2 protein chains.
Amino acid sequence: MTADRAETRLDEDARWARAERILDAATDLLLRWGYKRVTVDEVAKRASVGKGTVYLHWKTRDALLYAAVLREWLEMFGALIDGIRRDPEELRLHRLIRASFLASMERPLIRATLTQDQELLGRLTEYGAGGALQAEQTAARREYYAMLREHGLLRTDLDPDTQAYALSATSTGFYLATPLVIAEQRPDLSAQADALAWTVRNAFEPVPPAGAAAVRALAPTIIRLFERQRAFAERELRVQHQP
Amino acid sequence: MTADRAETRLDEDARWARAERILDAATDLLLRWGYKRVTVDEVAKRASVGKGTVYLHWKTRDALLYAAVLREWLEMFGALIDGIRRDPEELRLHRLIRASFLASMERPLIRATLTQDQELLGRLTEYGAGGALQAEQTAARREYYAMLREHGLLRTDLDPDTQAYALSATSTGFYLATPLVIAEQRPDLSAQADALAWTVRNAFEPVPPAGAAAVRALAPTIIRLFERQRAFAERELRVQHQP
DNA sequence: TCGATGACCAGATTTCAAGATTGGTCACAG
DNA sequence: CTGTGACCAATCTTGAAATCTGGTCATCGA
């Protein structure tokens, strides 16, 4: 029985390692060549497996490429959670948005998703739309805002829906301004992140700011919330991984 | 001599009237069919002139279509200036941005320009880039911000360049959120405008707000600035109109 | 005399069919 | 029972022929 379980465990580990090799290859090709030019054959070759093996892991090419993107999201999520663990002050809206901005921008696949980069991601930009993950993210964001409000870390002089819309629109602007605005008059990435944080803090956080005690009190709940999201995304990745 | 001038005047009026007919036709077709499908032949036919006549007014097809867009800009400019004249309070940053947002969104050609709508405008989206008009607009915006600062209508706790960037990025978000965000969770247009105004006021205007006196004092200068811009754009339109 | 015109042309765009590529399957090898 | 790559249908690419259209200019008529 123990042997059985151990053997299965080894199989699963090996299987996951292989999946990661395939995802590595897919990610590499996606970045190098863009959505259209990535072929399953080439991915298989670079991962040193047969093409059929790729289809043992994912139902379709799109599912494979989406998994590659998903893996980067997962990685970014982990980084954000670590950040909050390291310093709970990081959970303040403007700090978290600043960190998210930087973390997204330095991960090409995520940046491409957020900027709807057709060249790099093709129809993948709409692959997850309407999916369970997206619904989960929206719900989690809503909960995050609600908690911030409860602890005096977010203004309450605007109804939550409108506020969420305004916040989303504001952030969107900074994400998209990068390709849109002319290079000359654009500050460097960390200055952009600072400008975004500054704007968000002034527009959405109360004055005077809530004290550190509120932040510390909230930290465990927020971390739990984000870990729930991370776990959800991870499950999504595993499902893709075992059709 | 008087007769001469009168005759010339009549000619110019008739010429302009014809140019407007052509622009009407071009605008109509642009909205109906989009950039690619608009043909000079069809525009000429609808304006009841020969194709050659179109080329007596504009050097190229693109110049013609750009003029159609330019005319809408001009119209919008006039509307904004009128608004400030009617109520100087309208020159406050958040009020002006609100008005600009609504005025842009209800003019399809302008909205298309701002959202970089390739389907509707094709390469026209980059036609004016680097042109004198764009430079003028940037300069005028800079002057506007400087004046707001001088009169206590804009925060001064951020350096002007970064502030201009943040403001531009923030607005961009609201302009682009329209096509990007899912329809369900998007408020109607005037609620969007309100959310934008609310965000801008909180993020970029001082608390407490400057009094009405400052606004009244500034009004004439601002109106003059915007009229200079309008005149500049009008000149650009006339130049296109007489090659 | 001179502004207006539309036939005309070169170059750009579209069409369409033949050929090449590739996502996905499955019979078979190990 | 897992992994593979030959295989197939469907999609995509190619390129040449056909069509379309921006821009010109010889001509017309006021």
Side-chain angles (χ1 to χ4, degrees), chain A residues 4 7-23 25-26 29-30 32-68 118-119 121-124 127 240-243, chain B residues 4 7-23 25-26 29-30 32-68 118-119 121-124 127 240-243:
Chain A
D4 251 27
E7 198 182 307
T8 304
R9 191 65 216 292
L10 273 177
D11 275 350
E12 295 237 320
D13 280 357
R15 190 181 164 79
W16 174 246
R18 187 177 62 185
E20 290 232 84
R21 276 213 328 278
I22 298 174
L23 286 177
L29 287 176
L30 210 45
R32 206 183 289 277
W33 295 352
Y35 178 81
K36 276 193 313 187
R37 299 185 194 288
V38 177
T39 67
V40 177
D41 253 320
E42 186 65 25
V43 171
K45 191 171 299 171
R46 295 217 178 192
S48 312
V49 296
K51 181 157 70 153
T53 306
V54 172
Y55 286 92
L56 292 177
H57 288 278
W58 296 277
K59 284 188 295 296
T60 65
R61 169 178 178 271
D62 277 2
L64 160 66
L65 297 182
Y66 178 64
Q118 295 298 318
E119 171 63 24
L121 290 184
R123 63 188 167 201
L124 280 188
Y127 189 89
Q240 295 289 357
H241 168 241
Q242 277 179 347
Chain B
D4 251 28
E7 199 181 308
T8 304
R9 193 65 217 292
L10 273 176
D11 274 351
E12 296 236 320
D13 279 359
R15 190 180 164 79
W16 175 246
R18 187 177 63 185
E20 290 233 83
R21 278 213 325 281
I22 299 174
L23 286 177
L29 287 176
L30 209 44
R32 207 184 288 277
W33 296 351
Y35 178 82
K36 275 193 312 187
R37 298 185 194 289
V38 176
T39 67
V40 177
D41 254 321
E42 187 63 25
V43 171
K45 192 172 296 171
R46 296 218 177 192
S48 310
V49 296
K51 181 158 71 153
T53 306
V54 172
Y55 286 93
L56 292 177
H57 288 278
W58 295 277
K59 285 189 292 296
T60 65
R61 169 178 178 271
D62 278 1
L64 160 66
L65 297 182
Y66 178 65
Q118 295 296 321
E119 170 64 22
L121 290 184
R123 64 187 165 200
L124 280 189
Y127 189 87
Q240 296 289 357
H241 167 242
Q242 277 179 346

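These numbers come from the heavy atoms of this one structure, side chains and all, not from hydrogens, waters or symmetry mates. Owing to the predicted nature of the structure, the values given are computational and were not obtained by experimental measurement. Letters A, B, ... mirror the listed sequences (proteins, then strands); counts begin at 1.
Listed nucleotides: D:dG5, D:dT24, D:dT4. Nearest to the side chain of B:Tyr55: D:dT24. For B:Lys51, the side-chain atoms get nearest to C:dA7 when compared with the rest of C:dG24, D:dT4, C:dA7. Here the side chain of A:Arg18 is nearest to one of C:dG24, D:dG23, D:dG3, namely D:dG3. Picking from C:dT5, D:dT21, D:dT24 the nucleotide with the shortest atom distance to the side chain of B:Val49 gives C:dT5.
Nearest-nucleotide positions on DNA chain D for A:Asp41 and B:Thr39 put A:Asp41 closer to the 5' end.
Nucleotide C:dG3 holds its P atom 19 Å from the CH2 atom of B:Trp16, rounded to whole Å. Atoms CD1 (B:Ile22) and C1' (C:dG3) sit 13 Å apart, rounded to a whole Å. Rounding to whole angstrom units, OH of residue B:Tyr35 and P of D:dG22 are separated by 9 Å. The distance between atom CD of A:Glu42 and atom C1' of D:dG5, rounded to the nearest whole Å, is 15 Å. Summarising the geometry, the separation between CG on B:Leu56 and P on D:dC25 is reported as 13 Å, rounded to the nearest angstrom. Across the protein-nucleic acid pair, A:Arg61 atom CZ and D:dA10 atom C1' stand 14 Å apart, rounded to whole Å. Following rounding to the nearest Å, B:Asp62 (CG) and D:dG23 (P) show an atom-to-atom distance of 7 Å. Between A:Trp33 atom CH2 and C:dT22 atom C1' there is a gap of 13 Å when expressed in whole angstrom units.
Side-chain contact between B:Tyr55 and B:Lys59 is absent, with no heavy atoms from C-beta onward closer than 4.5 Å. Residues A:Leu29 and A:Thr39 have side chains not in contact (no heavy-atom distance under 4.5 Å, counting atoms from C-beta outward). Considering only heavy atoms from C-beta on, B:Tyr127 stays 4.5 Å or farther from B:Leu121 through its side chain. With a 4.5 Å cut-off on side-chain heavy atoms, B:His57 and B:Arg18 count as touching.
Contact of B:Lys59 with D:dG23 (side chain to base): no donor-acceptor pair of N or O atoms is detected under 3.5 Å.
Using modelled atom types and a 3.5 Å distance limit, the side chains of A:Arg61 and A:Tyr35 yield a donor-acceptor pair.
Contacts of B:Val43 with the nucleic acid, taken as non-hydrogen atoms under 4.0 Å apart, are absent. Across all strands shown, B:Thr53 has heavy atoms under 4.0 Å from base atoms, whether or not it also approaches the sugar-phosphate. At the heavy-atom level, B:Val38 lies under 4.0 Å from the strands shown only through sugar-phosphate atoms. In this structure, B:Arg37 reaches neither bases nor backbone, as no heavy-atom distance under 4.0 Å exists between it and the strands shown.
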Identify the pairs formed between an N or O of the protein and an N or O of nucleotides 13-15 of chain D at a distance under 3.5 Å, and give each distance.
none

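Smallest separation of non-hydrogen atoms from A:Leu64 and A:Val54: CD2-CG1, 4.0 Å. Shown here for B:Ala67 and B:Trp58, the closest heavy-atom pair between the two residues is CB-NE1, 3.5 Å.
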Please list, one pair per line, the donor and acceptor atoms closer than 3.5 Å that link side chains of residues 40-51 of chain A to other protein atoms, with sequence neighbours excluded.
| from | atom 1 | to | atom 2 | distance (Å) |
| --- | --- | --- | --- | --- |
| A:Glu42 | OE2 | A:Arg46 | NE | 3.3 |
| A:Arg46 | NH1 | A:Asp28 | OD2 | 3.2 |

